[in-house]
Amino acid sequence: MENFFGCADHEDFFSRRCIWVNGPVIVGAGPSGLATAACLREQGVPYVVLEKADCIASLWQKRTYDRLKLHLPKQFCQLPKLPFPQKFPEYPTRIQFIEYLEDYAKHFEINPRFNECVQSARYDETSELWRVKTSEAEYICHWLVVATGENAEVVRPDIEGLTEFKGDVMHVSEYKSGKKYEGKKVLVVGCGNSGMEVSLDLCNHNASPSLVLRNSVHVLPREIFGKSTFELAVLMMKWLPLWLVDKILLFLTWLMLGSIEKYGLKRPAVGPMQLKSTMGKTPVLDIGALDKIKSGGIKVVPGVKRFLHNQVELVNGEMLDIDSVVFATGYRSNVPSWLQESEFFSKNGFPKAAFPHGWKGNSGLYAVGFTRRGLSGASLDAMRIAQDIGQVWREETKQKKRTTACHRRCISQF
């Protein structure tokens with residue numbers, strides 16, 4: 001799989017090992033990286049997976065709350081070549097999904113190199129090779145697969161007065177359960193799926209959550225008449241234009257949930273599927289939070305202006321007494337911090353080309369898990385990447401075999 005390869009930089013020769021990888025380097029051992037590794041193995045292509053954490057799928061293992069379940073049916077969340085166990089429910093729990101990923105890695109004999117944080121990666125024009133540096137070594141390869149995903153780093157807004165606030169402040173990545181918040185007033189900043197579900201969890205643990213909605217949001221039922229809303233949307237999009245799918249979904253949502261505007265939940269002017277397709281903004285799939293909002297258990301409030309010692313001032317001038325703050329403000333890509341490349345990836349850490357063209361760049365650079373289409377999008381990327389690399393790999397292998405055979409014939413004749 002590897003051998004030592006001469007480093008071009010004099011200082012690196014003494015500071016770190018240089019390792020030749022006879023195949024691609026995959027950065028990231030989350031679902032995207034695992035899916036790519038499995039597909040490459042099916043193509044017979046060797047690889048190395050580098051992971052900065054000490055486990056696979058560290059986001060799921062270390063930065064998710066206890067009650068989390070997959071928001072989509074399991075058939076839309078399975079990785080290539082291995083379905084979920086039949087015994088798993090339609091919406092697997094966080095623990096079940098981690099179990100599936102661990103079994104997936106074992107099944108395809110994927111053994112990432114843990115605690116290997118990539119510091120930089122750049123393409124060397126002279127050697128026409130990628131140089132991937134970690135604190136331990138420098139990996140040299142023909143192909144680089146960026147699989148760090150959309151959720152590599154937390155997003156924490158910088159709001160006036162936050163440093164003066166005396167209560168607990170955390171990002172949703174640190175939140176586990178509402179048990180310790182019983183009887184407390186908690187401000188949840190962010191009205192996406194995580195913000196909604198954390199607010200529901202807090203309410204169920206007898207806390208008093210206030211949910212901040214700065215702009216607008218689409219709230220859809222997770223199921224419509226017993227069928228997954230997402231599955232129904234996917235089915236309709238095969239036959240109907242996107243605008244008509246959105247109109248049907250919103251009409252069915254109104255039948256199921258009624259009007260939500262009077263509870264402070266303003267809908268965007270753009271439909272949910274169109275908004276997802278163009279902006280990557282996922283609609284909220286309600287699993288009970290809306291009932292709590294309607295009953296007053298969860299209070300929806302406008303944006304935050306500033307924090308005080310034990311209060312928050314909202315943009316409408318209202319003052320709220322609060323004990324704690326949970327920022328459900330999402331994540332971002334960290335690609336710009338380590339990948340020295342500007343043609344394929346934009347400054348926000350996503351490929352410049354829109355789906356479905358954002359999986360392949362130049363000079364052996366690939367991206368997986370940046371489609372804003374969840375695990376199904378990552379799986380599609382992984383299969384395309386493996387097929388693309390596999391085709392080149394097989395041609396190069398045939399060429400090497402022909403060259404070796406010719407060399408042997410020449411020697412025997414001599």
Per-pair distances, 0.1 Å, donor-acceptor, side chain in residues 205-218, under 3.5 Å, sequence neighbours excluded:
from, atom 1, to, atom 2, distance (Å)
His205, ND1, Asp201, O, 2.9
His218, ND1, Arg267, NH1, 3.4
His218, NE2, Val270, O, 2.6

Exercise. What residues, two or more places apart in sequence or in another chain, satisfy side chain to side chain contact (heavy atoms under 4.5 Å, CB included) together with Pro241?
Worked result: Trp243, Leu244
Count the heavy atoms of every other residue, nucleotide or ligand shown that sit under 6.0 Å from [atom1] of [X], and state whether that count exceeds 12.
| X | atom1 | value |
| --- | --- | --- |
| Met279 | CE | no |
| Glu128 | CD | no |
| Asp321 | CG | yes |

Exercise. Are Arg373 and Phe355 in a cation-pi contact, defined as NZ or CZ under 6.0 Å from the six-membered ring centre and within 45° of the axis?
Worked result: yes
Problem set entry | Lys/Arg cation over aromatic Tyr139: Arg113, 6.0 Å, 45° cone | no
For this session: Scan residues 151-161 for pairs that pass salt bridge (Lys or Arg N to Asp or Glu O under 4.0 Å), counting only residues two or more places apart or in two chains.
Result: Glu153-Arg332, Arg156-Glu174
Exercise. Is Glu341 salt-bridged to Arg122, cutoff N-O under 4.0 Å?
Worked result: no
Exercise. Salt bridge check: are Arg41 and Glu109 linked by an N-O gap of less than 4.0 Å?
Worked result: yes
Exercise. Knowing that exactly one of Lys74, Lys69, Glu223 qualifies, which makes a side chain to side chain donor-acceptor pair (under 3.5 Å) with Tyr91?
Worked result: Glu223
Donor-acceptor check, side chain of [X] to backbone of [Y], threshold 3.5 angstrom: yes or no?
| X | Y | answer |
| --- | --- | --- |
| Asp323 | Lys185 | yes |
| Thr148 | Ala152 | no |
| Asp388 | Gln391 | no |
| Ser194 | Ala328 | no |
| Lys176 | Thr64 | yes |
| Lys352 | Ser342 | yes |

For this session: Starting from the C-alpha separation in whole Å, work towards a yes-or-no answer on side-chain contact (heavy atoms from CB on, under 4.5 Å) for Met196 and Leu200.
Result: CA-CA 6 Å; Met196 280 282 205; Leu200 175 61; over 6 Å; no
Exercise. Can you list every ring pair (Phe, Tyr, Trp, His ring centres under 6.0 Å) pair that touches residues 323-347, not counting sequence neighbours?
Worked result: His171-Tyr331, Phe345-Phe370
Seminar exercise, completed: Here the ring pair (Phe, Tyr, Trp, His ring centres under 6.0 Å) pairs for residues 48-84, sequence neighbours left out, are Trp60-Phe97, Phe76-Phe230, Phe84-Tyr100
Contacts under 3.5 angstrom, residues 251-266 side chains, donor-acceptor by atom type, not counting sequence neighbours:
from, atom 1, to, atom 2, distance (Å)
Thr253, OG1, Leu249, O, 2.8
Ser259, OG, Glu261, OE1, 3.2

For this session: Evaluate the ring planes of Trp20 and His142, with Trp represented by its six-membered ring, and classify them as parallel (under 30°), tilted (30 to 60°) or perpendicular (over 60°).
Result: perpendicular
Problem set entry | Polar side chain donor-acceptor pair, Gln61 to Arg94, under 3.5 angstrom | no
What closest approach, in Å, do [X] and [Y] show between heavy atoms, and which atom pair accounts for it?
| X | Y | value |
| --- | --- | --- |
| Lys347 | Pro336 | O-CG, 3.3 Å |
| Leu202 | Gly178 | CD2-CA, 4.1 Å |
| Ala29 | Glu51 | N-OE1, 2.8 Å |
| Arg372 | Glu150 | N-OE2, 2.6 Å |

Exercise. In this structure, which one of Leu365, Val27, Val368 forms a side chain to side chain contact (heavy atoms under 4.5 Å, CB included) with Val146?
Worked result: Leu365
